[in-house]
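Worth knowing before you read on, the calculation uses all heavy atoms, side chains too, and leaves out hydrogens, waters and symmetry mates. Each residue takes its place number in the sequence, starting with 1. Numbering of ligands and ligand atoms starts at 1, following listing order.
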Amino acid sequence: MRHFLSTESWSASEIDSLLATAGELKKHPVNERMKGKSVALLFLNPSMRTRTSFQVGIGQMGGIAVVLQPGQDAWGIEFEPGAVMDGDAEEHVSEVAAVLSRYCDLIAIRAFPKFQDWSYDRQDPVINAVAKHATVPVINMETIVHPCQELALMLTLKEKLGLVRGRRFLLTWTWHPKPLNTAVANSALMIATKMGMDVTLLCPGEQYLLDRRFMRAAKENAENAGGKLSVSHDIEAAYRGQDVVYAKSWGALPYYGKPQDEWALRKQCRHFMVDQKKMSLTDGALFSHCLPLRRNVKATDEVMDADYCVAVQEAENRLHVQKAVMLKLLEGK
Ligand code: CP
């Protein structure tokens with residue numbers, strides 16, 4: 001049984017195949033390919049795009065979506081093996097995953113890291129516990145990676161650029177007042193390298209490098225695909241000549257769980273916000289972001305309203321790629 005937990009275990013040709021299916025589904029969105037199928041959507045964190053696009057996509061294919069928010073409209077869940085459950089959680093993931101597997105054909109979960117201990121969070125314990133106890137395929141709706149967003153980004157780039165191999169892709173850290181999840185940055189780095197792009201990671205300093213697991217995966221991807229991966233802390237040099245600028249803010253891992261300590265570093269980095277002056281250095285690059293985005297904090301109004309901004313197109317493509325993923329997993333079930 002195949003899960004969709006991370007694109008690390010999906011080859012470039014499998015990703016291409018998912019994107020081709022997504023392109024077909026975009027042309028013919030309504031069908032009955034999920035008739036009689038049901039999907040549990042577990043949200044441990046807020047969402048607008050993910051929740052809406054999954055629910056709508058399942059409905060467009062004749063399936064049933066069940067949205068559950070454990071701890072709010074469903075019982076709180078304990079994910080630790082062997083836990084003495086005298087806290088808030090009423091049931092264990094062992095039963096939750098097993099029971100949902102009896103009702104549903106797929107389980108999707110959003111479980112952000114807890115922002116306390118990166119050595120723990122980097123193991124992605126929540127989704128791995130669900131996958132261990134489920135007897136149906138599990139889909140990652142964002143944990144420490146965001147593979148659905150990766151596919152939406154890549155579908156958008158293929159729609160706009162045609163071939164992406166060899167094109168220049170800048171993943172830039174951008175300003176935000178708080179340290180955010182590294183998931184989308186990890187994912188963008190992995191998918192762009194997997195598809196053979198010439199990738200630059202721009203961040204304020206070494207403290208903002210991504211976890212070694214993802215830096216290593218991206219390096220291996222680039223080697224396998226004949227692409228490139230480099231790191232820069234020089235804004236002007238990094239923007240120059242790029243075909244794509246992808247922005248995301250994230251927390252510095254050495255300060256994980258200590259936002260007040262990171263602040264001294266972060267507060268000096270407001271100038272990383274994406275603006276027209278920086279975009280003018282590129283080779284007429286596309287700009288995108290996973291959204292949500294704080295305007296005039298992460299990117300200016302001018303950038304967000306420009307013709308080259310494809311963030312809304314990428315958000316739309318979440319709908320189509322997720323439908324392709326669900327059909328693929330159901331096929332192999
Ligand atoms: N990009 C994304 O996952 O959006 P939501 O957090 O609104 O689902």
Distance to 0.1 Å, residue and atom name: give those for the protein heavy atom nearest to atom 4 (O) of ligand 1. Arg49 NE, 2.9 Å
Against heavy atoms of [X], which atoms of ligand 1 measure under 4.0 Å?
{"X": "Arg318", "answer": "1 (N), 2 (C), 3 (O)"}
{"X": "Gln149", "answer": "1 (N), 2 (C), 3 (O)"}
{"X": "Met48", "answer": "5 (P), 7 (O), 8 (O)"}
{"X": "Cys290", "answer": "1 (N)"}
{"X": "His146", "answer": "2 (C), 3 (O)"}

May I ask you to say whether [X] pairs ionically with [Y], meaning some side-chain N is under 4.0 Å from a carboxylate O?
{"X": "Arg216", "Y": "Glu8", "answer": "no"}
{"X": "Arg213", "Y": "Asp124", "answer": "no"}
{"X": "Lys26", "Y": "Glu159", "answer": "yes"}
{"X": "Arg168", "Y": "Asp243", "answer": "no"}
{"X": "Glu262", "Y": "Lys258", "answer": "no"}

Is any N or O atom of Pro292, backbone or side chain, closer than 3.5 Å to an N or O atom of ligand 1? no
With only distance considered, is Leu291 within less than 3.5 Å of ligand 1 through an N or O on each side? yes
Pick from Glu314, His289, Arg110, Glu142: the one approaching atom 6 (O) of ligand 1 most closely through a non-hydrogen atom: Arg110
Quick one: do the Thr50 and Arg318 side chains pair a donor with an acceptor below 3.5 Å? yes
Under a 3.5 Å cutoff, is there a donor and acceptor pairing between the side chains of Thr300 and Asn296?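 Per modelled atom types, Thr300 and Asn296 side chains form no pair under 3.5 Å.
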